[in-house]
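Worksheet for the structure shown next.
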Number of protein chains: 2
Amino acid sequence: MRYTTSEENYLKAIFHLGHGQQEAVLTSEIASNLNTTAASVTDMLKKLSEKELVSYERYRGVRVTRKGERAALDVIRRHRLWEVFLTDVLKFGWDEVHHLAEELEHVSSDELISRLDRFLGHPRFDPHGDPIPDKNGKLLAGKVRSLDGVNQGSDWVVSGVLDDATPFLQFLNRKGIRPGIRLNVIHIDPYDQSMLVAVESGREEYLSFDVTQLITVAQA
Amino acid sequence: MRYTTSEENYLKAIFHLGHGQQEAVLTSEIASNLNTTAASVTDMLKKLSEKELVSYERYRGVRVTRKGERAALDVIRRHRLWEVFLTDVLKFGWDEVHHLAEELEHVSSDELISRLDRFLGHPRFDPHGDPIPDKNGKLLAGKVRSLDGVNQGSDWVVSGVLDDATPFLQFLNRKGIRPGIRLNVIHIDPYDQSMLVAVESGREEYLSFDVTQLITVAQA
DNA sequence: TTTGTAATTTAGGCAAGTCTAATTTATATT
DNA sequence: AATATAAATTAGACTTGCCTAAATTACAAA
Ligand SMILES: [Mn+2]
Ligand SMILES: [Mn+2]
Ligand SMILES: [Mn+2]
Ligand SMILES: [Mn+2]
């Protein structure tokens, strides 16, 4: 393990929380993301800063350095490749793989990941529609447009989700929604932005604004 | 993880060292097996004893309880299934997989192991000829006869090795020896028990007593 | 039966990672 | 400009797993 499991988890969290954002990531955001306390986060930030993986100013927040970003992308690459393995090879549901990948991502062997990548046929996206960084840490532009804010009547293909947690994905499973599925937006309620959509299977489903925000779509 | 990585490693070591032996396992044996100090071993034995995974008497040595044996066999099952995956699916050499399996064996998910086992076709032996415990912790009788002590002139099939370490396996690779290969014992030196064998490929190789002790064979 | 010695255990400490409670600081609001 | 307050940091502790050095103990040899 190049870095400890704990260090890797912090780097990943800081990278995700700060990605595509100008402002530094706050201690409290990291604490809530990792389900730990602000005091623990402060301790770790000092250690990561010492190792030049993050640039950190007391009370001012933190961001990953180039070195820290690279480490984070390596972890993300491992995470997403294992997710592909678990769904495509071992036939797990897309709602079951995230927490397993959280463990497997810390197994440290470049050779293992390289061979896994080759065996899987160099997949470019994980089961949730997230792009897989290449071996040099290059990440393709990810999921951009989310289902909230599209026009009534328009057609889309689900490209991914912005939350990998099991309960949310099981909820989508019940509605027949997953990456690759086509959607037609029948109606958007002007009051609460809730949406009625026709799913490929023919079913019609109501989606609250909270949910449409977490579903990403591409042109049909 | 049902138990910590460290606890699992101790249980596995105690199980292996005590297996098929009447006497209890000594603190110093465990320390040398796990490359740690006797003091650390004593600390851990107290913890494992507290959890009823081993029966331990100060100064008298230790053995796994039924519960500890079951835990050890679960770890061994995971270890050997991952070794099969790494060689058969990812095409690692049999000399490269042991240390990777040492990490993967601690990933805790019965469902993962059950699916891996199914995907691999329920293999009964690992790449080193060791039997894979089933999901109930039942272990088939393992490798029994080793190459030292066989008769001059006799024919054998290599069934496995008693040491999974990379340098030893690379040594055997250089001589074309691996499980499944046929051997004919051409000559045994009466002084040092060193052996000249004909390998399937046609080559003749000298094997010292230290080496023949670590190679197991079955009837040709 | 005493004694020497090697193995083992205990004592005391250290690092990583976490926590709660107390304190400090940035900053928004009078 | 003073002050309130929410966020962040520090202080102090705990657990796990490990270590070195100093006792202890089993047991073999005298
Ligand atoms: Mn995930
Ligand atoms: Mn994912
Ligand atoms: Mn092995
Ligand atoms: Mn093996």
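Basis for what follows: all heavy atoms, side chains included, without hydrogens, waters or symmetry-related copies. A note on names: the letters A, B, ... follow the listed sequences, proteins ahead of strands, and every chain is numbered from 1.
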**Request:** For residues A:Leu104 and B:Leu104, determine if any side-chain heavy atom of one lies less than 4.5 Å from a side-chain heavy atom of the other.
**Result:** yes

**Request:** Would you mind telling me which residue lines up with the more 5' stretch of DNA chain D, B:Ser40 or A:Thr27, judged by nearest nucleotide?
**Result:** A:Thr27

**Prompt:** So, A:Arg78 and A:Asp74, do they make that salt bridge, N to O below 4.0 Å?
**Reply:** no

**Prompt:** Can you list every salt bridge (charged side-chain N to carboxylate O under 4.0 Å, His left out) pair that touches residues 104-117 of chain B, not counting sequence neighbours?
**Reply:** B:Arg2-B:Asp110, B:Lys12-B:Glu105, B:Arg77-B:Asp117, B:Glu111-B:Arg115

**Request:** Kindly say if A:Ser6 contacts the phosphate of C:dT18, meaning a side-chain N or O under 4.0 Å from OP1 or OP2.
**Result:** yes

**Item:** Atom pair distance, as rounded to whole Å: CG in A:Leu48 and P in C:dT18
**Value:** 11 Å

**More than 12 heavy atoms of other groups within 6.0 Å of A:Phe119 CZ** = yes

**Asked** Rounded to the Å, how far apart are A:Tyr10 OH and C:dG17 P?
**Response** 9 Å

Using atom names, set out every protein N or O paired with an N or O of nucleotides 10-12 of chain C below 3.5 Å, distance rounded to 0.1 Å.
{"residue": "C:dT10", "atom": "OP1", "partner": "B:Arg58", "partner atom": "NE", "Å": "3.1"}
{"residue": "C:dT10", "atom": "OP2", "partner": "B:Lys46", "partner atom": "NZ", "Å": "3.0"}

**Prompt:** So where does chain A start and stop touching DNA chain D, 5' to 3', when the test is distance under 4.0 Å to a non-hydrogen atom?
**Reply:** D:dA8 to D:dT10

**Asked** How would you list all residue pairs meeting salt bridge (charged side-chain N to carboxylate O under 4.0 Å, His left out) that involve residues 118-138 of chain B, not counting sequence neighbours?
**Response** B:Arg80-B:Asp126, B:Asp130-B:Lys143

**Asked** Can you tell me if B:Gln170 uses its side chain to pair, donor with acceptor, with the backbone of B:Asp95 under 3.5 Å?
**Response** no

**Complete:** note: B:Met44, atom CE; C:dT8, atom C1'; distance rounded to Å ~ 18 Å

**Prompt:** Is it true that the side chains of B:Asp148 and B:Ser146 contain a donor and an acceptor less than 3.5 Å apart?
**Reply:** yes

**Message:** So A:Ser28, base contact, sugar-phosphate only, or nothing? Heavy-atom distance under 4.0 Å.
**Reply:** sugar-phosphate

**Message:** Using a strict heavy-atom distance below 4.0 Å, which residues from residues 68-76 of chain B are in contact with DNA chain C?
**Reply:** none

**Request:** Check whether any side-chain heavy atom of B:Asp192 lies under 4.5 Å from a side-chain heavy atom of B:Phe209, and answer yes or no.
**Result:** no

**Request:** Please work out which of the three classes, parallel, tilted or perpendicular, describes the rings of A:Trp82 and A:Phe85, given edges at 30° and 60°.
**Result:** perpendicular

**Item:** d(CZ, A:Arg60; C1', C:dA26) in whole Å
**Value:** 7 Å

**Request:** Measure from OH on A:Tyr3 to C1' on C:dA16 and round the result to the nearest Å.
**Result:** 17 Å

**Asked** Donor-acceptor pair, A:His98 side chain versus A:Thr166 backbone, under 3.5 Å?
**Response** no

**Asked** Tell me the salt bridge (charged side-chain N to carboxylate O under 4.0 Å, His left out) pairs involving residues 34-60 of chain B, sequence neighbours left out?
**Response** B:Glu7-B:Lys51

**Contact nearer the 5' end of DNA chain C, comparing A:Tyr59 with A:Lys51** = A:Lys51

**Prompt:** Could you give the CD-to-P distance, from B:Glu57 to C:dT9, as a whole number of Å?
**Reply:** 11 Å

